[in-house]
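Taking it in order: structure first as structure tokens, then the write-up.
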Amino acid sequence: MLAQGPLGWGITPFEGNYYIRRRYLKAGIFKANFIPGVCPYKFLYVWMDLLLPDGSKEKNLGWMYWLPNPLLPVIWFRVALPGTHPSLCVERSTSDKPSS
């Protein structure tokens, strides 16, 4: 499990991708590999590699906007993961709290 948390401000689905705050990342370490990219309206980002606890590495799995568009706070300094990457499995669950 790479990330776990509430959908919304913690883990935000946006344009088919997931933008995840660092506090909700659970396994592995995302490390910038300094390969830059530019989006016309989200601005400057760098690709990130995932380093897993077992020593394996998934190159260019995510990205982070280092110079993000000020009108899109949902992407500011968050790890972004593609919603359809073949190495990822997205699971959504409902709360275990009983309803009254």
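Below, each value reflects all heavy atoms present in this structure, side chains not excepted, and no hydrogens, waters or symmetry copies.
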Closest contact, heavy atoms only, [X] versus [Y]:
| X | Y | answer |
| --- | --- | --- |
| Leu44 | Pro36 | CD1-CB, 4.5 Å |
| Glu58 | Ser87 | OE2-OG, 3.4 Å |
| Gly10 | Tyr24 | CA-CE1, 3.3 Å |
| Thr12 | Arg78 | OG1-NH1, 3.5 Å |
| Tyr65 | Cys39 | OH-CB, 3.9 Å |
| Pro13 | Tyr18 | CB-CE2, 3.9 Å |

> At what distance, to the nearest 0.5 angstrom, does NZ of Lys59 lie from CG of Leu51?
Replying inline: 9.5 Å

> What's the spacing between Asn33 CG and Asp49 CG if we round to 0.5 Å?
Replying inline: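 The distance works out to 4.0 Å.
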
Same cluster or not: are [X] and [Y] linked, directly or through other Ile, Leu, Val, Met, Phe, Trp or Tyr residues, by side-chain heavy atoms under 4.5 angstrom apart?
| X | Y | result |
| --- | --- | --- |
| Ile35 | Val79 | no |
| Val90 | Leu7 | yes |
| Phe77 | Val74 | yes |
| Tyr45 | Met48 | no |
| Tyr19 | Leu25 | no |

>> Using only atom types and a distance under 3.5 Å, with no angle test, would you say the side chain of Trp76 pairs donor to acceptor with the backbone of Asn69?
In response: yes

> Per the side chain to side chain contact (heavy atoms under 4.5 Å, CB included) rule, which among Ile29, Leu2, Leu88, Leu81 passes with Leu50?
Replying inline: Leu2

Got [X] and [Y] here, is their nearest side-chain heavy-atom distance under 4.5 Å?
| X | Y | answer |
| --- | --- | --- |
| Trp9 | Arg21 | yes |
| Lys42 | Trp63 | no |
| Phe43 | Leu72 | no |
| Lys31 | Lys57 | no |

> Within a reach of under 6.0 Å around NZ of Lys26, are more than 12 heavy atoms found that belong to other residues, nucleotides or ligands?
Replying inline: yes

> Phe34 and Trp66: aromatic ring centres closer than 6.0 Å?
Replying inline: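 Here the rings of Trp66 and Phe34 have centres that are less than 6.0 Å from each other.
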
